[in-house]
Protein chains: 2
Amino acid sequence: MKRSIEELISYLKERELRPSYQRLKILGYLLENRNHPTADEIYESLHSEIPTLSKSTVYNSLNVFVQARLVKQLTIEDSDTRYDIVTQDHGHFKCELCGRIYNFKINIDGSDTPDLKGFNIKDRNVNFTGTCPSCLKGKEIRGR
Amino acid sequence: MKRSIEELISYLKERELRPSYQRLKILGYLLENRNHPTADEIYESLHSEIPTLSKSTVYNSLNVFVQARLVKQLTIEDSDTRYDIVTQDHGHFKCELCGRIYNFKINIDGSDTPDLKGFNIKDRNVNFTGTCPSCLKGKEIRGR
DNA sequence: TATAAAATAAGAATGGTTCTTATTTTAAAC
DNA sequence: GTTTAAAATAAGAACCATTCTTATTTTATA
């Protein structure tokens with residue numbers, strides 16, 4: 001269900017970020033599209049709605065959101081930077097066939113990892129790649 | 001201890017990769033420098049030794065090594081692509097102050113993760129960022 | 001309403017990586 | 001050792017994701 005504008009404004013004001021129209025749209029997009037979009041996907045989608053939207057604005061806004069810990073930036077493979085509105089630690093699985101990204105629950109915070117004794121952990125990323133059940137099923141059916 | 005040329009040649013031949021001089025040097029570099037270097041770091045280092053070495057060759061060789069699963073490509077944050085000769089699953093911790101990358105042992109293969117039931121997992125990456133003990137110590141001493 | 005600070009627009013610039021093509025190197029066959 | 005085909009390299013152009021620059025617009029405060 002779509003968030004109200006007031007909710008989105010709150011999101012930003014709580015973090016002392018000015019709620020410009022563009023920022024609200026970008027934030028709204030991330031809340032409605034939890035498929036870890038790239039900056040380009042966000043831009044392409046909103047650009048049709050806001051013809052004057054600048055790609056610089058999208059990048060700038062995303063960077064500001066990441067800085068404010070409102071959004072999480074993730075790179076699962078290559079230099080494929082994506083954004084996630086769910087900032088609590090969780091894993092990401094990327095299917096190499098269809099490219100879809102699945103979230104999964106993780107139980108790893110590193111505090112009990114001997115190798116990391118004395119380290120101050122700020123961010124945790126768990127990223128897997130492989131083949132999802134849908135694509136595995138497709139392969140089997142095609143007899144590959 | 002430096003690996004013999006014969007060992008390096010074996011590494012490549014086992015995977016049906018032609019052991020050109022440049023490839024042997026790049027592979028040797030990764031074995032001797034297990035600090036997850038970037039392509040540029042590898043290039044800059046070897047370039048003084050092989051003045052005609054091309055950056056394309058470094059990228060090409062690294063990509064071929066990754067393809068052959070001889071080397072692992074990792075991206076801990078941003079679009080900071082690095083290479084690791086240790087291909088067994090393990091975690092990486094990157095210090096945001098000094099930039100150093102630490103390896104740590106992980107106990108996560110996903111086979112017991114309910115959310116990933118039916119998935120075929122090919123690669124696992126666990127990446128943390130934060131502050132390492134050395135930098136934390138430095139901060140304390142400076143009274144920050 | 002006025003004003004200062006922040007954000008945006010638009011495109012230039014940057015830099016990491018890939019592409020292109022001529023040349024060189026490798027390896028197999030003889 | 002020579003020949004030859006295939007693979008790899010060199011060198012720089014090209015690409016593209018992202019950042020930078022600066023004039024203009026928007027936001028928020030007084």
Side-chain angles (χ1 to χ4, degrees), chain A residues 5-6 8-27 29 36-68 70-71 73-83 99, chain B residues 5-6 8-27 29 36-68 70-71 73-83 99:
Chain A
I5 290 298
E6 288 73 29
L8 300 185
I9 292 175
S10 277
Y11 251 97
L12 295 176
K13 288 203 162 197
E14 276 160 23
R15 292 162 179 84
E16 303 196 348
L17 300 178
R18 291 188 176 191
S20 65
Y21 176 70
Q22 292 85 350
R23 285 182 177 179
L24 294 172
K25 297 298 283 187
I26 292 165
L27 191 57
Y29 183 91
H36 321 80
T38 62
D40 188 57
E41 284 163 358
I42 298 170
Y43 172 75
E44 288 302 330
S45 183
L46 293 177
H47 187 58
S48 52
E49 212 178 313
I50 314 171
T52 60
L53 181 68
S54 164
K55 203 160 194 184
S56 306
T57 300
V58 174
Y59 274 103
N60 183 269
S61 300
L62 289 171
N63 288 338
V64 157
F65 293 165
V66 169
Q67 213 81 51
L70 186 50
V71 160
Q73 181 177 61
L74 56 99
T75 308
I76 299 173
E77 62 174 2
D78 305 326
S79 298
D80 181 45
T81 307
R82 296 172 173 276
Y83 298 86
Chain B
I5 290 298
E6 289 73 30
L8 299 185
I9 290 173
S10 277
Y11 251 96
L12 295 177
K13 289 203 165 195
E14 276 161 22
R15 293 164 179 81
E16 304 197 344
L17 301 178
R18 291 188 176 192
S20 67
Y21 177 69
Q22 292 84 352
R23 284 182 177 179
L24 294 171
K25 297 300 285 188
I26 291 166
L27 191 59
Y29 182 91
H36 322 83
T38 62
D40 190 57
E41 283 163 0
I42 298 169
Y43 172 75
E44 288 303 329
S45 183
L46 294 178
H47 188 56
S48 52
E49 210 176 315
I50 315 170
T52 60
L53 182 66
S54 165
K55 202 159 194 185
S56 306
T57 300
V58 175
Y59 273 104
N60 183 271
S61 299
L62 289 171
N63 288 337
V64 158
F65 293 165
V66 169
Q67 214 80 50
L70 186 50
V71 158
Q73 182 178 59
L74 56 99
T75 311
I76 299 173
E77 64 175 0
D78 305 326
S79 298
D80 182 44
T81 307
R82 297 172 171 276
Y83 299 87

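Letters A, B, ... mirror the listed sequences (proteins, then strands); counts begin at 1. Keep in mind that what you see is a predicted model, and the values were worked out from it rather than measured.
Judged by distance alone, the side chain of Thr81(B) and the main-chain N or O of Thr75(B) form no donor-acceptor pair under 3.5 Å.
Atom CZ of Arg23(A) and atom P of dA7(C) are 4 Å apart (whole Å). In this structure, Glu77(B) places its CD atom 17 Å from C1' of dA17(D), rounding to the nearest Å. Between the CG atom of Asp80(B) and the P atom of dT17(C) there is a distance of 9 Å, rounded to whole Å. One can place CD of Glu44(A) at 13 Å from P of dT18(D), the figure rounded to the nearest angstrom. The distance from atom CD1 of Ile26(B) to atom C1' of dA10(D) is 13 Å, rounded to the nearest whole Å. Look at CZ on Arg15(B): it is 20 Å from P on dA7(D), rounded to the nearest Å. Summarising the geometry, the separation between CD on Gln73(A) and C1' on dT18(D) is reported as 11 Å, rounded to the nearest angstrom. The distance from atom OH of Tyr43(B) to atom P of dT18(C) is 16 Å, rounded to the nearest whole Å.
Across Tyr83(A) and Ala39(A), no two heavy atoms sit closer than the pair CE1-N, 4.0 Å. Contact between Ile26(B) and Thr57(B) at its shortest, heavy atoms only, is CD1-O, 4.3 Å. Closest approach of Leu12(B) and Pro19(B) over heavy atoms only: CD1-CA, 3.6 Å.
The rotation axes computed at either terminus of the helix from dT1(C)-dA30(D) to dC30(C)-dG1(D) lie 40° apart, taking five pairs at each end and rounding to 10 degrees.
In this structure the side chain of Ile50(B) reaches within 4.5 angstrom of the side chain of Thr52(B), judged on heavy atoms.
Each side chain to side chain donor-acceptor pair (under 3.5 Å) pair with one or both residues in residues 8-23 of chain B, not counting sequence neighbours, would appear here, but there are none. Screening residues 39-51 of chain A for side chain to side chain donor-acceptor pair (under 3.5 Å), with sequence neighbours left out, gives Lys25(A)-Glu49(A), Asp40(A)-Lys55(A), Tyr43(A)-His47(A).
Near DNA chain C, meaning a heavy atom under 4.0 Å from it, residues 45-65 of chain B has Ser56(B), Tyr59(B), Asn63(B) in order of number.
Residue Leu62(B) holds its CG atom at 10.0 Å from CG of Leu27(B), rounded to the nearest 0.5 Å. With rounding to the nearest 0.5 Å, the separation of OG in Ser61(B) from CG in Leu70(B) is 11.0 Å.
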Under 3.5 Å between N/O atoms: give me all the protein pairs with nucleotides 2-4 of chain D, atom names plus distance.
none

How would nucleotides 24-30 of chain C be written as a contact map, 5' to 3', with B for base contact, S for sugar-phosphate-only contact and - for no contact, using protein heavy atoms under 4.0 Å?
--BS---
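Comparing Glu16(A) and Thr81(B) by the nucleotide of DNA chain C whose heavy atom lies nearest to each, the residue mapping closer to the 5' end is Glu16(A).
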Output, in order, the C-alpha distance, side-chain angles, deciding distance and verdict of side chain to side chain contact (heavy atoms under 4.5 Å, CB included) for Leu46(A) and Val58(A).
CA-CA 10 Å; Leu46(A) 293 177; Val58(A) 174; 5.7 Å; no
